2 protein chains.
Amino acid sequence: MRLLIARCTVEYSGRLDAHLPEAIRLIMVKADGCVAIHADGGAFKPLNWMNAPNRLVCEPDRWRVTNDKGERLEIVLVEVYSDTTHELGSDPGLDKDGVEAHLQELVAAHPEALADGTVLVRREYPTDIGPVDLLCRDAHGATVAVEIKRRGEIDGVEQLCRYLEYLNRDARLTPVNGVFAAQEIKPQARVLAADRGIRCVVLDYDELRSITSDALKLF
Amino acid sequence: MRLLIARCTVEYSGRLDAHLPEAIRLIMVKADGCVAIHADGGAFKPLNWMNAPNRLVCEPDRWRVTNDKGERLEIVLVEVYSDTTHELGSDPGLDKDGVEAHLQELVAAHPEALADGTVLVRREYPTDIGPVDLLCRDAHGATVAVEIKRRGEIDGVEQLCRYLEYLNRDARLTPVNGVFAAQEIKPQARVLAADRGIRCVVLDYDELRSITSDALKLF
DNA sequence: GTGTATATCTCGGGG
DNA sequence: CCCCGAGGTATACAC
């Protein structure tokens, strides 16, 4: 990783056009060739960047980065205050816990958390317009399409509506009911769901996980 | 801006839980207090981060970052290879051209690009559920609600559908037709638009801009 | 502050 | 390669 502290101006042209006036910034070049220009603020997002793969041509006072998609980044170096390179080696990567996929696994293992007597038909039930998170049957044997989110917002309800509309065209499944399940459901999403006859279920991640680990303890 | 090159492990706990095994990484602390941990690849996104505002407590072998939302980032420093600080000063910021706002301006100036005889009623037409990008009248005097995007995806069509549903409740406006205009329209969005009776228009940004500059040359 | 819409969104998975 | 969905999305702006 090469780190440059320099007074510079930057032009980007590609998905849009952007210009950075002269100022002191950090220019980061990673081992994969990607280039990012950071100011001393503004969270983790760089002001400008260019992803790998690309071609980087470094002249003393001007760097040019281009790629095959026609994007172009040009850095004019007015004054370089620091220029260091460090060998970092490859990174073992990040372990995450608590994302939607994990939530889906837990609910799939415990569909009764949605309503007593609910059983799983299958996960990621495929349709032409995308996979339904869970397809279940309720205590009465009716089909239930389940959309699972960490944060339940209006988009998720609309996504579920599209699936329901699609699934209800299948005479073997209809009537299909909808359940919108999330760790947190925004008021607006709740209103839309009610309007569309979709039931909302708030999931307790820790509780679901503890049920699973309790079940494991039986073995 | 403080830059640390160090062998470290990292734990994040908050919106999810995440763990980084021991490896050499860049730790960046910006003037606003935000902290980002970068590997030597993976474009501009850090492996882990903590946005400002937060509290950073640095011990020689352990940094703890916490905020008021209950998030927590803990960095264990196994070995520090480099530790530098640079004064960057404030940044004048980025000038952009070609974002959705510009596209909306251009179409507002040339509504005939949507269909011959189309005239603008107003931009950002307010409704209870948000502003409609453009409200127009077509050659027959019928009201047209226009949603403008750089990239037309399914969410944008849903957004327009909500506006149409709302606007059509107003007896003075109904029937309101929908136009979905974008520089690029994804297949799924096109299918949904067709299903909902919404017309799609592909916009040519450069052409729209050249019409405008041609018009300016007349003065 | 919440809610809504945008982003050079990034990133990863599947066809 | 594109398409599509998820994200600790972040960020700006209106109410």
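Here is how names work: the chains are called A, B, and so on, in the same order as the sequence lines, proteins then strands, and each is numbered from 1. Keep in mind that what you see is a predicted model, and the values were worked out from it rather than measured.
- Counting any heavy atom pair closer than 4.0 Å across all strands shown, B/E184 reaches no nucleic acid atom.
- Take A/D40 and apply the salt bridge (Lys or Arg N to Asp or Glu O under 4.0 Å) test, not counting sequence neighbours, and it matches no residue.
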**Request:** Determine, step by step, whether A/R2 and A/D83 satisfy the salt bridge (Lys or Arg N to Asp or Glu O under 4.0 Å) criterion, reporting the C-alpha distance in whole Å, the side-chain angles of both residues, the deciding distance to 0.1 Å, and the verdict.
**Result:** CA-CA 7 Å; A/R2 184 172 177 188; A/D83 182 357; 2.8 Å; yes
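- Atom CZ in B/R123 sits about 15 Å away from atom C1' in D/dC13, given to the nearest Å.
- Nucleotide C/dT8 holds its P atom 13 Å from the OH atom of B/Y205, rounded to whole Å.
- Spacing between atom CG of A/N51 and atom C1' of C/dT8 amounts to 9 Å, rounded to whole angstrom units.
- Counted within 6.0 Å of CG on A/D95, heavy atoms from surrounding residues, nucleotides or ligands total more than 12; the atom is thus considered enclosed.
- If you check C/dA5, D/dA6, C/dT8 against the side chain of B/R162, the one that comes closest is C/dA5.
- The side chain of A/D133 lies closest to D/dA6 when the candidates are C/dT6, D/dG8, D/dA6.
- Counting non-hydrogen atoms under 4.0 angstrom, B/Y12 reaches a base of the nucleic acid.
- Of the candidates C/dA7, C/dT8, D/dA6, the closest approach to any side-chain atom of A/E71 belongs to C/dT8.
- In this structure, B/R25 contributes its side chain and B/C8 its backbone to a donor-acceptor pair below 3.5 Å.
- Across all strands, B/N48 comes closer than 4.0 Å to base atoms (heavy-atom distances).
- Which of D/dG8, C/dT8, C/dT4 sits closest to the side chain of B/L16 comes down to D/dG8.
- Remark: the separation of the C1' atoms in D/dT11 and D/dG7 is 14 Å, to the nearest Å.
- For the pair A/P131 and A/G42, both in contact range of DNA chain D, the more 5′-proximal nearest nucleotide belongs to A/P131.
- Considering only side-chain N and O atoms, A/R151 lies nowhere under 4.0 angstrom from the phosphate OP1 or OP2 of C/dG3.
- Under 4.0 angstrom from either OP1 or OP2 of C/dT4 there lies no side-chain N or O belonging to B/Y163.
- To the nearest angstrom, C1' of D/dA6 lies 13 Å from CD of B/E153.
- Proximity note for A/K45 (side chain, C-beta onward) versus D/dG8, D/dG7, D/dT11: the nearest is D/dT11.
- Put simply, A/Q188 has no side-chain N or O that comes within less than 4.0 Å of OP1 or OP2 on C/dT2.
- Computed from coordinates, the B/F44 CZ to C/dA7 P distance equals 14 Å when rounded to whole Å.
- Among residues two or more places apart in sequence or in another chain, the side-chain hydrogen bond (donor to acceptor under 3.5 Å, both in side chains) test is passed with A/Q104 by A/R123, A/E124.
- Look at A/K96 and you'll find a side-chain N or O under 4.0 angstrom from OP1 or OP2 of D/dG8.
- Nucleic acid contact for A/I148: none, since no nucleic acid atom lies under 4.0 Å from a heavy atom of the residue.
- Closest to the A/W49 side chain, of the nucleotides D/dG7, C/dT8, D/dA10, is C/dT8.
- In this structure, CE of A/M50 is placed 16 Å from C1' of C/dC9, rounded to the nearest angstrom.
- Heavy atoms of other residues, nucleotides or ligands lying less than 6.0 angstrom from CD of B/E59 number more than 12.
- Side-chain N/O atoms of A/Q159 include none lying less than 4.0 angstrom from OP1 or OP2 on D/dC4.
- For A/R15, whose side chain is taken as the heavy atoms from C-beta onward, the closest listed nucleotide among D/dG8, D/dT11, C/dC9 is C/dC9.
- OP1 or OP2 of D/dC3 lies within a sub-4.0 Å distance of a side-chain N or O belonging to B/K186.
- Between the NE2 atom of B/H102 and the P atom of C/dT6 there is a distance of 15 Å, rounded to whole Å.
- Going from the C1' atom of C/dA7 to that of D/dA6 covers 15 Å, rounded to whole Å.
- Distances shorter than 4.0 Å separate some side-chain N or O of A/K149 from OP1 or OP2 on D/dA6.
- Using P as the reference atom, C/dT8 and C/dT4 are 22 Å apart when rounded to the nearest Å.
- Listed for the A/D195 side chain is no donor-acceptor partner under 3.5 Å among the backbone atoms of A/V191.
- Taking atom CD of residue B/E100 and atom C1' of nucleotide D/dA12, one finds them 13 Å apart after rounding to whole Å.
- Nearest nucleotide to the side chain of B/V99, out of C/dT8, D/dA10, D/dA6: C/dT8.
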